[in-house]
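Below: the structure, in structure tokens.
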There are 2 protein chains.
Amino acid sequence: MTQTPAGRRSRRATILDVAAAAGVSRQTVTRAMNDMPGIKTETRQRIQELANELGYTPSRFAKGLVQGARTSVGLAIPDLTNPYFPAFASSVVEQATQRGWQVVMDDYGHGGRNGLDAVEHLAPHVDAVIGYLGGYAGQAQAILGRRPLIVLDEEPGSAAGAITFDYRHAAELAIRRLRSAGRRHIAYLDSVRGPEKPAHEKPDAENHADTHVPGMAGSTDLLPHGPGSGDGFVTARGRAFAAVLAESDALDCVAVAVEESASAARTAVRDLLEQQPGIAGIVAFNDLVASGVLKALADAGKRVPEDCLVIGMDGIPLGEQLSPELTTLALDLRDVGRTAVELLDGLLAGSLTAGSAEAHLTLRHRLVVRQSA
Amino acid sequence: MTQTPAGRRSRRATILDVAAAAGVSRQTVTRAMNDMPGIKTETRQRIQELANELGYTPSRFAKGLVQGARTSVGLAIPDLTNPYFPAFASSVVEQATQRGWQVVMDDYGHGGRNGLDAVEHLAPHVDAVIGYLGGYAGQAQAILGRRPLIVLDEEPGSAAGAITFDYRHAAELAIRRLRSAGRRHIAYLDSVRGPEKPAHEKPDAENHADTHVPGMAGSTDLLPHGPGSGDGFVTARGRAFAAVLAESDALDCVAVAVEESASAARTAVRDLLEQQPGIAGIVAFNDLVASGVLKALADAGKRVPEDCLVIGMDGIPLGEQLSPELTTLALDLRDVGRTAVELLDGLLAGSLTAGSAEAHLTLRHRLVVRQSA
DNA sequence: ACCCAGTTCGTGAACGTTCACGTTTTCACA
DNA sequence: TGTGAAAACGTGAACGTTCACGAACTGGGT
């Protein structure tokens with residue numbers, strides 16, 4: 001009937017091709033393919049073999065069109081290579097799979113793309129998005145329309161839901177630890193990465209800026225003085241640390257902002273120690289940076305924790321493997337992923353309303369004491 | 001017209017709802033939504049606003065049905081939490097995105113699922129699959145029918161394409177290094193994870209098996225004696241190491257199989273060193289295991305590399321942060337991901353035929369010499 | 001007033017599947 | 001040999017969009 005020569009196959013086989021080959025109707029093929037009742041076991045097998053032979057695969061589009069969508073969620077992540085994200089992504093995938101959802105993933109860190117590009121890429125294919133967008137919550141929600149968006153580590157704006165972190169609490173834990181160990185002269189090693197930094201600007205690893213902050217009660221003016229200023233407190237984490245610092249008794253803290261890598265941190269701390277050898281405690285933007293700090297301290301012949309305490313942040317698995325093992329402000333990243341999916345589930349089910357207070361959760365770090373502090 | 005009350009929305013808005021609201025036809029709405037020519041800018045804007053207001057999102061199913069599929073590839077990965085995989089996954093996503101494809105991801109490591117479950121879960125939604133399936137290449141390809149499957153670290157079987165690794169070459173590199181350093185008494189620390197091990201069997205970290213293998217030329221009988229035997233060479237990596245070992249001059253090698261974690265490796269090596277303090281070189285299944293080896297050696301007061309060399313495998317970023325920094329048989333995981341996507345691209349474009357020799361690539365490790373060996 | 005070209009918009013058909021029925025076949029039992 | 005119910009199978013309609021084409025409207029030049 002068809003003009004297609006036997007050997008070649010010009011277009012995908014459809015259900016009608018199988019039906020014709022088996023001498024039955026569409027519906028019978030449907031019954032065979034989906035293991036529905038009301039069909040003889042014999043014909044079912046015959047059809048399945050025939051389908052296999054013809055290379056027939058049901059069109060997911062036709063199926064979705066008539067059956068209504070299975071939920072598919074987009075997952076936007078800046079960089080899987082950063083050890084912070086895999087545990088989170090893994091947890092999201094696990095939770096979504098449990099619910100029978102599928103996860104369309106975009107790692108937008110490479111090739112100069114940003115969180116908004118990721119959402120634009122995902123939007124046509126998904127019913128919702130979960131992601132670390134780095135400041136594009138509002139615009140992303142506009143692209144998605146009524147479909148729920150869960151942003152992480154960012155104020156929700158117009159997004160349907162959000163998970164943020166209590167960085168003030170984390171800072172309090174770190175500072176309390178430093179003070180109870182009697183360390184007065186400390187440093188905060190921030191990341192140069194602000195929330196909306198253009199992706200193509202490659203930060204210079206050598207070019208870091210020091211800012212001396214004589215901590216004194218009442219002085220809360222520790223936010224960046226302006227764009228491009230030399231202040232070392234750049235990120236939300238850093239600013240929270242500065243704020244808590246200002247409210248507490250006099251601690252002498254110097255802030256340095258470096259590229260978010262171990263090697264950049266290593267050179268930065270080397271330079272810092274030359275200028276200020278008396279530093280007795282260092283809090284790092286994250287564990288990756290902290291690992292560079294440990295290396296620099298070892299280079300300088302300082303003992304950790306005796307001469308200088310080191311506290312990291314995030315609690316990635318790397319920390320346990322370092323020596324000394326890293327004390328860190330840990331986040332249960334699998335818990336973060338699970339919570340994000342639960343939020344989304346609530347929004348999709350209607351038990352939660354988009355933009356409501358219940359759809360904005362704040363999680364806390366806990367201090368995991370190992371060897372470095 | 002519709003019975004839907006204004007406040008509630010019972011079903012998704014369709015293109016007809018927008019058309020009715022704007023007083024135009026379907027086609028005009030299509031033109032407006034897809035930025036096609038042949039429409040007044042004024043009406044275009046009016047329709048877009050209206051669509052936004054009604055929460056209209058074009059059905060991806062209807063669109064796909066009429067336009068023909070955008071390629072969507074499934075990515076099956078055993079465990080994103082294992083630092084081996086993120087770089088690979090990230091690279092696959094990057095390459096796929098560059099081609100305008102989307103990636104549906106499944107991390108099947110949690111909840112007792114295996115590679116076959118992952119493919120079953122992905123199959124209805126994708127046009128192809130790339131993945132580490134751990135021995136299910138054949139059955140997975142059967143599920144996918146004519147859709148191409150690229151398996152990694154596994155013989156292709158009936159799969160369309162495959163990427164395997166030259167573990168013999170890696171073993172040669174390691175052994176050459178050990179011998180040129182004059183180390184005769186060595187150990188291989190394998191993983192207990194065989195290729196098709198049932199997922200629910202949780203290996204006991206304490207229960208590892210030693211096997212003493214007096215290396216001698218000609219003795220190639222180093223494969224496992226049977227299921228559950230105590231032989232330490234369990235994995236493809238281990239067996240390749242054993243084979244190369246047997247072909248080379250006498251090296252005294254003990255093989256131990258442990259759970260694939262740093263802590264398990266640590267205790268195993270502790271025990272091993274008590275029995276055989278003279279071990280002067282250790283090759284580990286992967287870098288994670290190697291990091292445990294480093295800890296155990298430090299515990300025992302051994303200096304690395306003076307007293308004992310340590311060589312890891314995979315070249316994950318962790319290795320650089322350890323002290324001493326880990327010498328390792330590195331794989332460029334981004335390259336692996338890129339190659340997998342290129343293979344798939346060739347298969348989809350027809351420039352490569354499924355199951356052909358050209359569709360089976362073998363990549364090699366290279367020895368990255370750092371401090372530990 | 002007329003025509004023509006270009007612009008703007010509308011209509012039938014098709015994509016491939018499932019759903020809700022309706023029709024035929026089977027078969028055990030009276 | 002009917003009979004009736006259950007099993008097996010078939011048919012129109014619908015899902016929501018785009019494609020190919022055709023119709024109507026616009027405006028400038030004669």
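Computed from a predicted structure; not experimentally measured. Each chain gets a letter, A, B and so on, in the order its sequence line appears, and its residues count up from 1. Hydrogens, waters and symmetry mates are skipped; everything else that's a heavy atom, side chains included, is used.
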### Summary
Rounded to whole Å, the CZ-P distance (A:Arg44 to D:dA8) equals 9 Å

### Task
Rounded off to whole Å, could you give me the CZ-to-C1' distance for the B:Phe61 and D:dA14 pair?
16 Å

### Task
Heavy atoms under 4.0 Å is the rule here; annotate nucleotides 17-27 of chain D 5' to 3' with B where the base is hit, S where only the sugar-phosphate is, and - elsewhere.
BBBB-------

Look up atom [atom1] in [X] and atom [atom2] in [Y], then write down how far apart they are to the nearest 0.5 Å.
X        : Y        : atom1 : atom2 : value
A:Leu80  : B:Ser91  : CG    : OG    : 11.0 Å
A:Ile15  : A:Leu54  : CD1   : CG    : 12.5 Å
A:Gln102 : A:Arg60  : CD    : CZ    : 9.0 Å
B:Asp79  : B:Tyr132 : CG    : OH    : 13.0 Å

### Message
Can you confirm whether B:Leu133 sits close enough to B:Leu116 that some side-chain heavy atom of one is under 4.5 Å from a side-chain heavy atom of the other?
### Response
no

### Query
Are the side chains of B:Ser25 and B:Thr28 in touch, meaning some heavy atoms are under 4.5 Å apart?
yes

### Message
Looking at B:Asp17 and B:Arg12, is any side-chain nitrogen of the basic one under 4.0 Å from a carboxylate oxygen of the acidic one?
### Response
no

### Query
Quick one: salt bridge (charged side-chain N to carboxylate O under 4.0 Å, His left out) partners of B:Glu154, sequence neighbours excluded?
none

Enumerate all atom pairs, one protein N or O and one N or O from nucleotides 22-24 of chain C, separated by less than 3.5 Å.
none

### N or O in side chain of A:Thr28 less than 4.0 angstrom from D:dG10 OP1/OP2
yes

### Contact nearer the 5' end of DNA chain C, comparing B:Thr43 with B:Leu65
B:Thr43

